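Reading through the structure tokens given below for one structure.
Keep in mind the model is a prediction, meaning the values are calculated, not measured. The sequence lines fix the lettering, A, B, ..., with proteins before strands; numbering per chain opens at 1.
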Amino acid sequence: MSITTDVKEGLAAAVRKAIQAAAAKGDLAIDGLPEVTLEIPREKEHGDYATNVAMTLAREARKSPRQIAEIIVKHLDTSGSYIASFEVAGPGFINFQLDARWLGEALRSAEAEGAAYGRLHLGAGEKIQVEFVSANPTGPLHVGHGRGAVVGSVLANLLERAGYAVTREYYINDAGNQIANFAKSLDARYRQALGEEAPFPEEGYHGRDLVELMEKFAAEHGDSYLKKSAEERMAALTRYALAAKLEAIREDLTAFGVTFDVWFSEQSLHDGGELKRTIEWLQKKGHVYEKDGALWLRSTAYGDDKDRVVVRENGMPTYIAADIAYHKNKFERGFDRVINIWGADHHGYIPRMKAAAAVLGYDPDALEVLIVQLVTLLRNGEPVVMSKRAGELVTLADVIEEVGKDAARFFFVMRSADSHLDFDLSLARSRSAENPVYYIQYAHARICSILRQAVEAGMIPEVPPGSDLDLGRPLAEISPGFGRADLSLLNTESEIDLMKKIALFPEEVSQAALRREPHAMARYALELAGLFHPFYNTYRVITEDRGLSMARLVLVDAVRLTLKNALEILGIAAPGRM
RNA sequence: GCGCCUGUAACUCAGAGGAUAGAGUAGCUGACUUCUAAUCAGCAAGUCGCAGGUUCGAGUCCUGCCAGGCGCGCCA
């Protein structure tokens, strides 16, 4: 799968064989084989990989960990492996030093795979749906949505790269109370646009966007809608405004590098009768009961702390009713797994939604909810004051305009989702050393610059069309000399660190995907760039020594490809010049 | 009151039970006739919220407290 997993599995197999041999000879009194795990030690002096298996065996084998480690090591067969040396150290670790050849192979596989480096087959075609953003179309997207949008889109990218069949979906809340409310707000704004003194609804949507929208509508249609019935008028205003708001949302998100495969309308569940059929099904199966004139879902039977109303006393279905129908629809579409990304203010909704999945006969674990904590917007270190009531808020579009798409995406995804996020606008905007986005992109641009120089120096014989070199292709494809480079010349600490980091990329993708931790990819990119810049400042790539130059060109090109792949997952540009 | 998230350097945060807890920023000292200084080298900075427990080993797991955020609707 990847060179690091091969190496790890090879080491684990060798250790297992040694334990087996020791047990067979009676040196170790154990039944069965323990699980052998390999880790990369924090301290370099502790080798490339280490195992703690001797410590875990101590109790069973009734010997000290160090004794056990010595016994294992005595039976260790290193032939045909990458193991160059090993030692027993500390409280009973077995540390392995590897032959540097494996790093050369890692570099070659990064080069050979190019844009596909880090593509895995973990998912084996499993179908996963990621539903995210799903912001109410009644107002503009704000910063909180921005974080959810980036976390969702990076997670979807990661899962796709890990080999899952991913569907990105946006659930449009275009039904229910809030839409009625929306309609009343629109009606008031429409009348106001026509010069009437229409009262604004108590719980209305105060945003300026609706004022502008209705001014536009009034300009287009005049007062013709005042002559129609209130019902007819509000329906028309709502249709008009929803279409406009949704289009604006779609445009904002597209500009932000966030796209969806499916836009799913809540109203369509009402219109198509799916909602009604779901409620009937729940009734037939006895998952609901009547009380106080309302219809309740027995969600406590599946771990929720109270039962939930699905149909109100007045006969109107609640939000959860539609959501149950929606999730039924999701599973019926054949998704093996459904991941929802919600803001922290919705976390209390998880148990009832899991209960709903269980009621529907699906495994509640097939429904995952990723909670994204709140965002605090800062400017010059001070919180940006926002009043939702007065309609004063910084929208996502404002943020993108102020700091740019790349910086905004990076800042939204750089922290773990369950950590509150301080988003400092002034920092994100600064084109300076403090800004981690540019740090990463600059590494990429610097490498492209080196490669351009290499073309001029005649080291790379064939130049791709355009010759700007911010291409996605590995140079190995266009330069046969790369295949012959002697990578054993890469032996400084800086170069070895870089090679190790590159080798780790597929594993990073897999872990970030499986643990649902998109921020790990941001961190990885930062760390890889953080190894490149010191290398760049210490060593020259293009020198009189042609052999060394070629080896270093392979190295920096592999860094470039890996950075580009990481940035692609993050949805951030990898510029060839800055 | 109950539930979820958070508490690690002055600040913002990494750190799936491992060995001496890391990075960036801010502070201080230095490096551009060099493949891009949007960079680099160095110095300084810690009772990992507190108290118990589990373990050969705990920032990491468990329990209880403390502090902050967010929820606990016939709103969505």
Any N or O donor-acceptor pair linking the side chain of A/N52 to the base of B/G18 at under 3.5 Å? yes

Pair assignment for B/G57, Watson-Crick or G-U wobble, requiring both distances under 3.5 Å: none

Considering only heavy side-chain atoms of A/S416, the closest of B/A14, B/G18, B/C35 is B/A14

How many Å lie between NE2 on A/H346 and C1' on B/G3, as a whole number? 16 Å

State, without any angle test, whether A/S419 and A/S416 hold a side-chain donor-acceptor pair at a distance under 3.5 Å. no

Measure CZ/A/R308 against P/B/A76 and give the value in whole Å, please. 13 Å

Rounded to whole angstrom, note down the P distance from B/U25 over to B/G18. 28 Å

Answer with base, sugar-phosphate or nothing: what part of the nucleic acid does A/R59 contact at a heavy-atom distance below 4.0 Å? sugar-phosphate

Of the candidates B/U20, B/C75, B/U34, the side chain of A/R540 sits closest to B/U34

Are A/K330 and A/E169 close enough for a salt bridge, meaning some N to O gap below 4.0 Å? no

Write down the distance separating the C1' atoms in B/A21 and B/U47, rounded off to the nearest Å. 14 Å

So, does A/R42 get its side chain near the phosphate of B/G15, meaning an N or O under 4.0 Å from OP1 or OP2? no

Picking from B/G73, B/C74, B/C13, the nucleotide nearest the side-chain atoms of A/D292 would be B/C74

Considering only atom C1', compute the distance from B/G53 to B/G1 and round it to an integer number of Å. 27 Å

Give me the distance, rounded to whole Å, that separates B/G3 from B/C43 when you measure between the C1' atoms they each carry. 47 Å

Donor + acceptor pair across side chains of A/N340, A/Y171 (<3.5 Å): no

At 4.0 Å (heavy atoms only), tell me whether A/Q511 reaches a base, stays on the sugar-phosphate, or touches nothing. nothing

Please indicate yes or no: is the ring centre of A/H46 less than 5.5 Å from the centre of the six-membered base ring of B/A19, with the two planes inclined by under 30 degrees? yes

Rounding to the closest angstrom, what is the interatomic distance between B/U29 and B/A44 at atom C1'? 11 Å

Do A/Q511 and A/Y524 have a side chain donor and acceptor closer than 3.5 Å? no

Which one, B/A38, B/G71, B/A76, comes nearest to the side chain of A/Y442? B/A38

Options B/C74, B/A76, B/C13, nucleotide nearest the side-chain atoms of A/V309: B/C74

Atom pair distance, as rounded to whole Å: CZ in A/R147 and C1' in B/C5: 11 Å

Could you please name the option among B/G71, B/C35, B/U39 that lies closest to any side-chain atom of A/H533? B/U39

Find which nucleotide of RNA chain B each of A/E517 and A/K291 is nearest to by heavy atoms, and output the residue with the more 5' nucleotide. A/E517

Sugar-phosphate only, base, or nothing, as touched by A/A445 at under 4.0 Å among non-hydrogen atoms: base

Distance between P atoms of B/C50 and B/A67 (Å, rounded): 15 Å

Please classify the nucleic acid contact of A/N95 as base, sugar-phosphate, or nothing, using heavy-atom distances under 4.0 Å. base

Using heavy atoms to find the nearest nucleotide of RNA chain B for A/A58 and A/A294 separately, return the residue whose nucleotide is more 5′. A/A58

Aromatic-base stack, A/F93 on B/G18, cutoff 5.5 Å, angle under 30: no

